[in-house]
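Read the structure below first, then the notes.
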Amino acid sequence: MSKATLPTPTEIDSQELFQDPYAVYGRLREEHPVHRIIGTDGLPAWLVTRFDDVRQAIADPRLSLDKRNATPDGYRGMALPPALDANLLNMDPPDHTRIRRLVAKAFTPRQVERLRLPVRRTADQLLDALVEHDRFDLIASYAAPLPIIVICDLLGVPPYRRPDFRAWTDALVAPDPARPERARDAVAGLLAFFTGLIADKRAQPTDDLLSALIAVRDEEDRLSENELMSLVFLILVAGYENTVHLIGNAVAALLDEPEQLAVLRADPGLMDRAVEELARYDGPAPLAIRRFPTEDIVIGGVTVPAGETVLLALAAAHRDPRHFPDPDRLDLRRDATGHLALGHGIHYCLGAPLARMETSTALTALLDRFPSLTLAVPARELRRRPSMRSRGLATLPVRTAHL
C-alpha cells in the first residue's frame, strides 16, 4: 500500500477522549476494527480497537517497540537522554530478552509473595495516620505513597528522596502543556538522581535490587551503563505509575458501585478475582505502548504500512462485547483473566505480580480499616490527571463515614 492510497486520518476530540475514553474508543470499535486517526501528538496513527486483534498485535514480533523502525517523518515521542531511553519499552529481542532475564527473578510470584507482609505493614501505617480524619484524599494519602515506598525499598532508594521522585515522575508522565519546562526539569532531575544513586550503591552495596543489578553490570558486563540506568528508571517509574492508578481507579470504581463493594465485603475471598476485573474495567493505561511494523502487516483486515505508528486501544478491547459479555458493567464475580491491562506475550509487564499483590493488599487493608468508606464527591466530579497515555485520578476525596 503506497502512502498515496492511505485513508484520510480521522481526528478525535482529545477533550472527549480524556473525559471518557471508553465511550470514544467503544464507538470507534463498533464502526471498524482498525482506524487511521490523528494522534494526540498531531501525527497520523493506526488505532486497533477489538480484543482479538489487540491481543494478537501485542504479541506479534513484526510490531516493533524500537523507535528506529518508525518512519522518519512519523513518531517523535518523548525526548529522553540515552541514559534513560535504553529501556524495555523501546526494545525488541534479543536485547529485550537479555535485559528482562536479568531482572525477572526479582518479580516472580514467589519473590513477590515474600513482600506481602511488609507491604501490609506499610499500608497499615499509612492508614493509621488517617483514622482521625473524616475526609481525606486517598491518592495523596494512600494510593500514591504506598507504591513509592514499596518500589523505593525494593531498589534501596533512601526515604528522604521519595518526595522528589514522586514530583519528577508526576511531571513526566502527566506533563502540563502550559509548563513544558517542568517535564524537562523532571528528566534532568531523574538523570542526576539515578547517577548519584548508582554511584552510592557502587561505593556501598546493600541488600537490594539496584545493588544486584550494579553487580551484574560491573562483574559480568551484561548491561551497558545506559541500559542499567534506563532499567532502574523504568522499574521506578512504571512501578509507581501503574500501581497508583490501579489502586486509585479500583477504589473509585468500588465506591461508585456500592452493590459490587458489598459483594466483596461479604466474600473477601473474591479479592484476587476482583483485582483482575477492576484492571479490566478501568485499568491504568488506555493504550498499550506504541508499535511500528517492520513490514507491511494486515491487522483486522486492514494493511498497515511498515514504519507507521500503531496504537493498541486497551480501553476499547476491554469493553469489547465479543470477548467480555456486558463489558460496561463492573462484575467482581466475572472471570476477567486474560485481560491485557498488564500486557501479553514477551511484553507482559515485568512487575505484574507486584502490582497485583500491592493492589489486593491495599484494598484489603483499606476496606478492613474503613467499613463505611464513601466518595466525598459524585463520581462524575472526580478529577483525572491530564494524560492520554495513562488513566489515573489527580485526587480521590473520600469520607470514612456518612456525614
Check the pair Leu311 / Val48 against side chain to side chain contact (heavy atoms under 4.5 Å, CB included), numbers first and verdict last. CA-CA 6 Å; Leu311 302 176; Val48 184; over 6 Å; no
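- Here the CG atom belonging to Leu209 is positioned 10.0 Å from the CD1 atom belonging to Ile214, to the nearest 0.5 angstrom.
- Within the 6.0 Å centre-distance limit, the rings of Phe324 and Phe51 are counted as a close aromatic pair.
- Residues Arg273 and Thr337 have side chains not in contact (no heavy-atom distance under 4.5 Å, counting atoms from C-beta outward).
- Here the side chains of Arg280 and Glu277 are in contact, with some heavy-atom distance below 4.5 Å.
- In plain terms, the two heavy atoms of Leu47 and Ala313 that are nearest each other are CD1-CB, 3.9 Å.
- Residue-environment remark: CG (Asp128) exceeds the threshold of 12 foreign heavy atoms within 6.0 Å.
- Under the 3.5 Å distance criterion, the side-chain polar atoms of His32 are matched with a main-chain donor or acceptor of Val34.
- Here the closest non-hydrogen pair linking Phe292 and Asn69 is CB-O, 3.8 Å.
- Residues Leu382 and Pro397 have side chains in contact (heavy-atom distance under 4.5 Å, counting atoms from C-beta outward).
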Which donor-acceptor pairs under 3.5 Å do side chains of residues 154-162 form with protein atoms, sequence neighbours excluded?
unit_1: Arg161; atom_1: NE; unit_2: Asp164; atom_2: OD2; d: 3.4
unit_1: Arg162; atom_1: NH2; unit_2: Asp153; atom_2: OD1; d: 2.8

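- Remark: the backbone N or O of Ala45 is not paired with any side-chain donor or acceptor of Thr309 at under 3.5 angstrom.
- Between Arg319 and Asp328 there is a salt bridge, with a side-chain nitrogen of the basic residue lying less than 4.0 Å from a carboxylate oxygen of the acidic one.
- Of the charged side-chain nitrogens involved, at least one lies within less than 4.0 Å of a carboxylate oxygen, so that Asp326 and Arg329 count as a salt-bridged pair.
- For the pair Arg265 (side chain) and Pro371 (backbone), a donor-acceptor distance under 3.5 Å is present.
- Distance alone, capped at 3.5 Å, places no donor-acceptor pair between the Asp256 side chain and the Ala379 backbone.
- Judged by distance alone, with hydrogens and angles left aside, the side-chain atoms of Asn226 form no donor-acceptor pair with the main-chain N or O of Ala86 at under 3.5 Å.
- Residue Thr400 holds its OG1 atom at 9.5 Å from CG of Leu130, rounded to the nearest 0.5 Å.
- A donor-acceptor pair under 3.5 Å is formed between the side chain of Thr294 and the backbone N or O of Arg62.
- Here the CE-CG distance, from Met271 to Leu264, works out to 4.5 Å after rounding to the nearest 0.5 Å.
- Note that the CG atom of Leu228 and the CG atom of Asn87 stand 12.5 Å from one another [nearest 0.5 Å].
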Using the rule given for side chain to side chain contact (heavy atoms under 4.5 Å, CB included), can you reason through Glu227 versus Met91, listing the C-alpha separation, both sets of side-chain angles and the distance that settles it, and then say yes or no? CA-CA 11 Å; Glu227 287 172 344; Met91 284 184 179; 4.1 Å; yes
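- With 3.5 Å as the limit, one finds a donor-acceptor pair spanning the side chains of Thr206 and Asp208.
- Looking only at side-chain heavy atoms (C-beta outward), Leu236 and Cys152 come within less than 4.5 Å of each other.
- A donor-acceptor contact under 3.5 angstrom links the side chains of Thr361 and Arg116, judged on distance only.
- Side-chain contact of Glu308 with Thr71: a donor-acceptor pair under 3.5 Å is absent, judged by distance alone.
- Partner His339 forms a side-chain hydrogen bond (donor to acceptor under 3.5 Å, both in side chains) with one of His318, Glu276, Arg55 and no other, that one being Glu276.
- Salt bridge absent: Asp272 and Arg356 never bring a charged side-chain N and a carboxylate O closer than 4.0 Å.
- Summarising the geometry of Leu223 relative to Ile99, their closest heavy-atom pair is CD2-CG1, 3.8 Å, with the distance given to 0.1 Å.
- Inter-residue side-chain proximity for Phe194 and Leu84 is flagged as met; some heavy-atom pair is nearer than 4.5 Å.
- Remark: Arg29 fails to qualify as a cation-pi partner of Tyr22 under the 6.0 Å distance and 45° angle criteria applied to the six-membered ring.
- To the nearest 0.5 angstrom, Ile198 atom CD1 is 9.0 Å from Leu213 atom CG.
- Here the side chain of Asp95 pairs no donor or acceptor atom with the backbone of Asp92 at under 3.5 angstrom.
- No side-chain donor from either of Asn90 and Asp66 sits under 3.5 Å from a side-chain acceptor of the other.
- Checked for salt-bridge contact, Glu30 and Arg322 meet the test: a charged N lies under 4.0 Å from a carboxylate O.
- The minimum heavy-atom distance between His344 and Ala59, with the atom names listed, is CD2-CB, 3.7 Å.
- Nearest heavy-atom pair across Leu63 and Pro293 is CD2-CG, 3.7 Å.
- Under the 4.5 Å side-chain criterion, counting only non-hydrogen atoms from C-beta, Thr395 is not in contact with Leu393.
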Derivation and outcome, salt bridge (charged side-chain N to carboxylate O under 4.0 Å, His left out), residues Asp85 and Lys67: CA-CA 10 Å; Asp85 208 34; Lys67 294 178 286 188; 2.7 Å; yes
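- Taking the six-membered ring for Trp, His96 and His347 have ring centres closer than 6.0 Å.
- Other residues, nucleotides and ligands place more than 12 heavy atoms under 6.0 Å from the CD atom of Glu31.
- Under a 3.5 Å cut-off, the side chain of His245 and the backbone N or O of Ala285 do not form any donor-acceptor pair.
- Salt bridge absent: Asp267 and Arg333 never bring a charged side-chain N and a carboxylate O closer than 4.0 Å.
- Among Val398, Leu261, Leu254, the single residue meeting the side-chain contact (heavy atoms from CB on, under 4.5 Å) criterion with Leu373 is Val398.
- Within a 6.0 Å radius of CD in Glu381, more than 12 heavy atoms belonging to other residues, nucleotides or ligands are found.
- Closest of all the heavy-atom pairs between Ile235 and Phe107 is CG2-CZ, 4.2 Å.
- Using modelled atom types, one side-chain atom of Thr359 and one backbone atom of Ala355 make a donor-acceptor pair closer than 3.5 Å.
- Counting heavy atoms from C-beta outward, Leu314 and Ile58 have side chains that approach closer than 4.5 Å.
- At distances below 3.5 Å, at least one donor-acceptor pair connects side-chain atoms of Tyr142 with backbone N or O atoms of Ala362.
- Salt bridge Arg202/Glu225: present, at least one basic N to carboxylate O contact under 4.0 Å.
- We find that Arg369 and Asp124 are joined by a salt bridge, their nearest charged nitrogen and carboxylate oxygen being less than 4.0 Å apart.
- Around atom CD of Gln56, no more than 12 heavy atoms belonging to other residues, nucleotides or ligands sit under 6.0 Å away.
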Tell me, with the steps shown, if Leu366 and Thr364 meet side chain to side chain contact (heavy atoms under 4.5 Å, CB included). CA-CA 5 Å; Leu366 180 69; Thr364 299; over 6 Å; no
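- In this structure, the separation between CE on Met357 and OG1 on Thr243 is 9.5 Å, given to the nearest 0.5 Å.
- Side-chain contact between Pro284 and Arg391 is absent, with no heavy-atom pair separated by less than 4.5 Å.
- Annotation: side chain to side chain donor-acceptor pair (under 3.5 Å) contacts of Ser141 (sequence neighbours excluded): none.
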